[in-house]
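A quick write-up on the structure given underneath.
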Amino acid sequence: MAFDPIERSFYVENVVMSGNKRKYYRFRHSLHYGGIVTADAVGCNLLCAYCWNYGRNLHPERFGEFHTPQEVARRLTDISRKVGYDLFRVSGAEPILGERSAQHLVEVMRLVGGPFILETNGLMFGYKPDLVDLFASLNVSVRVSVKGWDEESFEKVTGAKGEFFEYQLRALEALHKRRIRFWVAVMDEVFKGKGLERLRKRLPVPCRIEREPMEKYPFVVENMKKRGLLKQGDS
Ligand code: SF4
């Protein structure tokens with residue numbers, strides 16, 4: 001049964017935030033974006049079939065440890081000095097679950113100072129556009145991972161009620177209105193065929209679309225099959 005992702009945001013934010021601390025389980029560097037320093041968090045308001053961090057996001061209470069923005073920024077800048085990358089992000093989870101998690105991230109970004117890529121599904125930006133204002137003066141580019149091209153495909157991919165697809169589109173409008181740099185990312189495996197064309201017709205503002213290849217971990221393939229996004233026999 002599909003769930004309400006706004007209710008889930010509030011629930012998950014309570015699990016993964018304690019005061020101004022958020023739960024993270026790993027700090028690393030990766031080759032994405034040509035080299036980026038990454039803090040991996042837990043907790044999301046969606047449960048996408050292709051999520052590579054599905055288990056941790058299904059049960060965020062079981063994983064990670066709480067860190068203040070100061071601790072997160074120190075871990076990120078230490079790695080940056082060692083590996084020479086000066087681009088930063090939070091990955092593995094939804095960073096914006098409500099006001100507290102948004103403020104935590106703003107503080108991390110201010111302390112790190114360097115350019116930050118904010119990877120988000122945009123749901124809470126669409127629900128509460130005031131949250132976008134918090135990021136307006138920061139050195140940030142926002143990558144909005146759009147989950148479907150209509151209500152039905154959104155529900156199939158995320159497990160959340162289709163009517164909330166609208167919030168992803170509202171997030172794009174809110175970012176555009178505030179002149180914050182952003183683009184849309186879609187999962188190629190899901191959008192191939194007519195999906196991309198259909199999404200273009202629904203986009204409320206002009207934006208670049210990145211096509212992301214799917215990591216075919218066995219549990220991802222299983223989840224995709226269960227949701228009817230891959231046929232039995234596909235691998
Ligand atoms: S929005 Fe991202 S982090 Fe959340 S479940 Fe989907 S893929 Fe995972």
Side-chain angles (χ1 to χ4, degrees), residues 2-17 22-26 28 30 32-33 36 38-64 89-98 101-102 104-105 117-127 131 142-149 151 153-162 164-172 175 182-191 195 199 209-224 226-227 229-230:
F3 59 87
D4 178 329
I6 304 301
E7 273 177 16
R8 185 170 167 81
S9 283
F10 296 135
Y11 165 74
V12 173
E13 188 172 62
N14 277 330
V15 172
V16 303
M17 292 296 300
R22 173 150 189 173
K23 278 183 140 192
Y24 294 84
Y25 70 97
R26 182 171 63 176
R28 62 183 169 119
S30 84
H32 298 90
Y33 307 99
I36 190 162
T38 303
D40 285 315
V42 291
C44 187
N45 43 19
L46 300 178
L47 288 169
C48 303
Y50 54 67
C51 184
W52 61 265
N53 213 13
Y54 192 93
R56 291 188 186 89
N57 286 327
L58 185 61
H59 292 295
E61 68 284 357
R62 296 186 194 163
F63 302 95
R89 68 172 173 164
V90 171
S91 190
E94 173 51 49
I96 313 293
L97 295 163
S101 48
H104 168 94
L105 185 62
I117 294 189
L118 169 51
E119 295 181 343
T120 178
N121 59 41
L123 221 71
M124 293 309 278
F125 280 165
Y127 172 71
L131 291 176
V142 184
R143 177 186 191 261
V144 184
S145 176
V146 173
K147 305 299 179 182
W149 51 89
E151 288 67 13
S153 52
F154 173 89
E155 184 164 320
K156 217 170 186 181
V157 169
T158 64
K161 289 182 182 165
F164 290 92
F165 173 59
E166 183 64 28
Y167 287 87
Q168 293 213 285
L169 303 181
R170 285 190 207 167
L172 304 179
L175 289 160
F182 74 96
W183 76 97
V184 163
V186 299
M187 188 55 77
D188 214 20
E189 189 68 39
V190 173
F191 280 74
L199 174 63
I209 301 180
E210 171 199 337
R211 296 166 63 174
E212 182 186 4
M214 191 174 81
E215 305 268 9
K216 290 194 172 179
Y217 300 109
F219 68 90
V220 165
V221 172
E222 255 336 282
N223 282 344
M224 293 283 285
K226 275 187 208 153
R227 300 260 181 100
L229 293 160
L230 275 182

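Note that these values count all heavy atoms, side chains included, but never hydrogens, waters or copies made by symmetry. Whatever order the structure lists ligands and atoms in, that order sets their numbers, starting from 1. From a predicted model like this one, the values you see are computed outputs, not experimental measurements.
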* Asked: Under a 4.5 Å cut-off applied to non-hydrogen side-chain atoms, are Glu61 and Val42 in contact?
  ->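 In short, these two side chains do not touch, never coming nearer than 4.5 Å.
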* Asked: Side chain or backbone of Asn57 under 4.0 Å from ligand 1, or both, or neither, by non-hydrogen atoms?
  ->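 It is the side chain that touches ligand 1; the backbone stays farther off.
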* Asked: More than 12 heavy atoms of other residues, nucleotides or ligands under 6.0 Å from CZ of Arg28: is that the case?
  ->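 Yes, enclosed.
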* Could you state the interatomic distance from CG (Leu46) to CZ (Phe3), rounded to the nearest 0.5 Å? ->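 Here the rounded value is 6.0 Å.
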* Euclidean distance, Phe154 CZ relative to Phe164 CZ, rounded to 0.5 Å ->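 Interatomic distance, Phe164 CZ to Phe154 CZ, rounded to 0.5 Å: 8.5 Å.
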* Asked: Which residue and non-hydrogen atom of the protein lie closest to atom 8 (Fe) of ligand 1, and at what distance in Å?
  ->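 Result for atom 8 (Fe) of ligand 1: Cys51 SG, 2.3 Å.
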* **Ligand-residue contact atoms, ligand 1 with Cys44, heavy atoms, under 4.0 Å** =>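 Under 4.0 Å from Cys44, ligand 1 has these atoms: 1 (S), 3 (S), 4 (Fe), 5 (S).
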* Please identify which atoms of ligand 1 are closer than 4.0 Å to at least one heavy atom of Asn121. =>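 So the atoms of ligand 1 that pass are 1 (S).
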* Distance-only side-chain donor-acceptor flag, Glu94 / Asn121, under 3.5 Å ->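 Looking only at side-chain atoms, Asn121 and Glu94 do form a donor-acceptor pair, the distance falling under 3.5 Å.
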* For ligand 1, is Lys147 a contact, meaning one of its heavy atoms is under 4.0 Å away? ->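 Within the 4.0 Å threshold, so yes.
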* To do: Please confirm whether Leu46 comes under 4.0 Å of ligand 1, counting heavy atoms of the residue only.
  =>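 Yes.
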* In plain terms, say whether Glu212 and Arg143 are close enough for a salt bridge, that is, a side-chain N and a carboxylate O under 4.0 Å apart. =>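 The answer is yes: the pair qualifies as a salt bridge.
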* To do: Assess Cys48: does it contribute an N, O or S atom lying under 2.8 Å from atom 4 (Fe) of ligand 1?
  =>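 Under 2.8 Å: Cys48 has no N, O or S contact with atom 4 (Fe) of ligand 1.
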